[in-house]
Amino acid sequence: MTVEVHVTGRVQVGRFAEFVDAAQRWREFRAGRGHAPCRILQGLSGEMNVVRLVFTYPDLNAYEQEETRDAVDPDYARIAGAMPFVEGTIAYEIYREAESA
């Protein structure tokens, strides 16, 4: 069962270019570790400076394993922490495609 993880957050005002640079370094770091690729979507309506990070995993277990490794990796924390999100705005949602009847 394929799952998608959507992470939304608001980038600090005036720091969007910095976010783009930091997000690119973070994506390259993740790719070098064999992590799931990430698409970054910029909101065109709604709250200002909101971005959505979209990851696709073959199953929920693969996502949980990646999260467990990242949670204790200081290099991951340093690189991910360089993205200038407004504190308290990051939210996680996990989806799977509904099975057809």
Side-chain angles (χ1 to χ4, degrees):
M1 153 188 66
T2 300
V3 296
E4 276 191 4
V5 176
H6 292 217
V7 180
T8 56
R10 188 166 25 105
V11 177
Q12 294 174 9
V13 174
R15 298 184 68 187
F16 205 84
E18 180 183 340
F19 166 80
V20 170
D21 291 340
Q24 184 58 35
R25 288 190 302 276
W26 174 75
R27 288 169 67 177
E28 290 167 359
F29 178 82
R30 289 179 52 80
R33 299 233 167 151
H35 284 20
C38 174
R39 294 179 314 155
I40 300 177
L41 307 175
Q42 178 183 359
L44 298 178
S45 65
E47 191 175 0
M48 187 172 108
N49 280 0
V50 170
V51 294
R52 179 178 299 261
L53 313 176
V54 181
F55 309 83
T56 303
Y57 295 91
D59 54 44
L60 194 53
N61 190 45
Y63 163 66
E64 289 174 346
Q65 288 177 355
E66 186 176 288
E67 282 291 300
T68 299
R69 287 189 307 268
D70 292 343
V72 296
D73 183 344
D75 290 331
Y76 187 89
R78 178 179 48 79
I79 292 170
M83 291 184 282
F85 285 109
V86 173
E87 190 172 330
T89 65
I90 297 177
Y92 288 73
E93 298 173 327
I94 301 173
Y95 296 92
R96 70 175 177 156
E97 190 169 339
E99 297 181 16
S100 340

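One is the number of the first residue; the rest follow in order along the sequence. In this text, all values refer to a predicted model and were calculated from it rather than measured experimentally.
In terms of modelled atom types and a separation under 3.5 Å, the side chain of R10 and the main chain of V51 share no donor-acceptor contact.
Dense packing is recorded around CD of E93, with more than 12 heavy atoms of other residues, nucleotides or ligands lying under 6.0 Å away. Around atom CZ of R96, no more than 12 heavy atoms belonging to other residues, nucleotides or ligands sit under 6.0 Å away.
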For this session: Step by step, work out the salt bridge (charged side-chain N to carboxylate O under 4.0 Å, His left out) result for R15 and E18.
Result: CA-CA 5 Å; R15 298 184 68 187; E18 180 183 340; 2.5 Å; yes
For this session: I would like to know whether E66 and R30 meet salt bridge (charged side-chain N to carboxylate O under 4.0 Å, His left out); could you show each step before the answer?
Result: CA-CA 10 Å; E66 186 176 288; R30 289 179 52 80; 2.8 Å; yes
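Note: F19 and F85 have perpendicular aromatic rings, judged against thresholds of 30 and 60 degrees for the angle between ring planes. Below 30°, between 30° and 60°, or above 60°: for F55 and W26 the angle between ring planes is above 60°, a perpendicular geometry.
Considering every non-hydrogen atom in both Q12 and N49, the closest pair reads O-ND2, 3.6 Å. Nearest heavy-atom pair, A82 versus A22, reported as atom, atom and distance to 0.1 Å: O-CB, 3.7 Å. Closest of all the heavy-atom pairs between E47 and V50 is O-CG2, 3.4 Å. In terms of heavy-atom proximity, V86 sits nearest to T89 at O-OG1, 2.7 Å.
Interatomic distance, CD of E4 versus OG1 of T56, reported as 4.5 Å (0.5 Å rounding).
At a cut-off of 3.5 Å, with distance as the only test, no side-chain donor of E64 or Y57 sits close to an acceptor on the other residue. A donor and an acceptor atom, one from each side chain of Q65 and Y63, are nowhere located under 3.5 Å apart.
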